[in-house]
Amino acid sequence: MREPAAPCPKCHCVESLVVRHLADLGHIDGAPRFVNVREIALVDHPAPIPNLTPPVISVGRLSATVCRACGFTELYTRGAEMIPVDGDRVVLLESQPAPAPYR
Ligand SMILES: [Zn+2]
């Protein structure tokens, strides 16, 4: 399946791959472990209700766009608005709005 895409910003190739679910192979001591393969998420946090199953909730699932020619890769986070800000592991930064142009 082909969808329109912007050219690669590094080599200007017009073919890229969208990888919608990045897999964490769960490496232990350098050897891949083929059980418990799970999708990569940015943040795990305790469930809001004690004794809930699962006890940890993962948010911020990653996807990637990969240039087929040079391998340049961009990561994107799905559900970024769901990532809890705790001021420790996740800090919210806000940029100042650009000033209005002088007229
Ligand atoms: Zn490229």
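Order of listing sets the numbers, starting from 1, for every ligand and every atom in it.
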Nearby protein N/O/S atoms (those under 2.8 Å) for the Zn ion (ligand 1), with water ignored: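 For the Zn ion (ligand 1), the protein N, O and S atoms that sit under 2.8 Å away are Cys8 SG, Cys11 SG, Cys67 SG, Cys70 SG.
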
Atom pair CE (Met82) and OG1 (Thr77), whose distance is rounded to the nearest 0.5 Å: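 The CE atom of Met82 sits 14.0 Å away from the OG1 atom of Thr77.
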
Residue pairs passing the side chain to side chain donor-acceptor pair (under 3.5 Å) test where at least one lies in residues 55-73, sequence neighbours excluded: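 Only Asp44-Ser58 qualify under side chain to side chain donor-acceptor pair (under 3.5 Å).
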
Pro9 vs Phe72 side-chain heavy atoms within contact, under 4.5 Å: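 Pro9 vs Phe72: side chains touch.
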
Contact check, side chains of Leu92 and Val90, non-hydrogen atoms, under 4.5 Å: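 With C-beta onward as the side chain, the pair stays apart.
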
Val59-Val85 co-clustered via ILVMFWY side chain contacts under 4.5 Å: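 Linked within one cluster.
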
For Lys10 against Cys70, the heavy-atom pair lying closest together: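 Taking every non-hydrogen atom into account, CB-SG, 4.2 Å.
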
